[in-house]
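Computed from a predicted structure; not experimentally measured.
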Amino acid sequence: MQATMQADEEVKGLLEYCGIPRTRSEMQEFMHLVNRDYFRKNILNPLIKGGLLILTIPAKPTSPKQKYYSKKR
């Protein structure tokens, strides 16, 4: 239960951080996560699918210039 609450708080912090568009690497650094695959599969993709993060270039999701922002802008 405590781990879930901590994870929820970390995600809330990430969403606040993404009030302005951020790159994947900026978000990863903010969360102190080194493993790119872990971040993408367990944090980034679920937030995108859940509609909490929006892509700045939706037509090109794998663009190196891609940034993400929180719906709470």
Side-chain angles (χ1 to χ4, degrees):
M1 173 105 172
Q2 184 178 357
T4 303
M5 289 174 56
Q6 183 179 356
D8 289 345
E9 289 301 315
E10 290 173 352
V11 168
K12 284 179 188 176
L14 177 64
L15 292 173
E16 288 179 24
Y17 177 70
C18 292
I20 61 170
R22 306 282 185 175
T23 64
R24 178 208 41 85
S25 60
E26 288 175 321
M27 292 188 292
Q28 236 181 282
E29 187 175 320
F30 174 79
M31 294 193 77
H32 307 288
L33 295 172
V34 178
N35 189 311
R36 180 179 171 172
D37 287 335
Y38 173 85
F39 179 77
R40 192 177 297 278
K41 290 177 187 174
N42 296 295
I43 297 171
L44 185 60
N45 288 342
L47 290 174
I48 293 168
K49 288 177 184 173
L52 297 173
L53 280 180
I54 300 167
L55 286 71
T56 57
I57 313 170
K60 296 181 179 183
T62 59
S63 170
K65 295 180 181 179
Q66 186 65 261
K67 291 186 179 184
Y68 310 86
Y69 64 92
S70 172
K71 205 170 183 176
K72 297 180 180 182
R73 279 188 358 163

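- A distance-only check finds no donor-acceptor pair linking the side chain of Gln66 to the backbone of Ser63 [under 3.5 Å].
- Side-chain atoms of Leu55 and Tyr68, non-hydrogen and from C-beta on, do get closer than 4.5 Å to each other.
- Expressed to the nearest 0.5 Å, how far CG of Leu47 lies from CD1 of Ile54 amounts to 11.5 Å.
- The OG1 atom of Thr62 sits 9.5 Å away from atom NZ of Lys60, with the distance rounded to the nearest 0.5 Å.
- Summarising the geometry, atom SG belonging to Cys18 is positioned 8.5 Å from atom CD belonging to Glu26; distances are rounded to the nearest 0.5 Å.
- Between atom CG of residue Leu33 and atom CG of residue Leu44 there is a gap of 11.5 Å, rounded to the nearest 0.5 Å.
- Taking every heavy atom of both residues into account, Ile20 and Tyr69 meet most closely at C-CB, 4.3 Å.
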Leu53 and Met27: CA distance, side-chain angles, deciding distance, side chain to side chain contact (heavy atoms under 4.5 Å, CB included) verdict: CA-CA 12 Å; Leu53 280 180; Met27 292 188 292; 4.2 Å; yes
Please test Arg24 against Arg36 for side chain to side chain contact (heavy atoms under 4.5 Å, CB included), starting from the C-alpha separation and ending with a verdict. CA-CA 9 Å; Arg24 178 208 41 85; Arg36 180 179 171 172; 3.8 Å; yes
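- Note that CD1 of Ile43 is 4.0 Å distant from CE of Met31, once rounded to the nearest 0.5 Å.
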What's the verdict on side chain to side chain contact (heavy atoms under 4.5 Å, CB included) for Val11 and Leu52, showing C-alpha distance, side-chain angles and the deciding distance? CA-CA 10 Å; Val11 168; Leu52 297 173; 5.5 Å; no
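- Closest of all the heavy-atom pairs between Gly19 and Ser70 is N-CB, 4.4 Å.
- Contact record, Pro58 with Pro61: O-CD, 3.6 Å, taken as the closest heavy-atom pair.
- The local environment of CD in Glu29 is sparse, with at most 12 non-hydrogen atoms from other residues, nucleotides or ligands closer than 6.0 Å.
- For the pair Arg22 and Tyr17, the distance from NZ or CZ to the six-membered ring centre is under 6.0 Å and the angle to the ring normal is within 45 degrees.
- Of the inter-residue distances, the one linking Thr23 atom OG1 with Lys65 atom NZ reads 14.0 Å to the nearest 0.5 angstrom.
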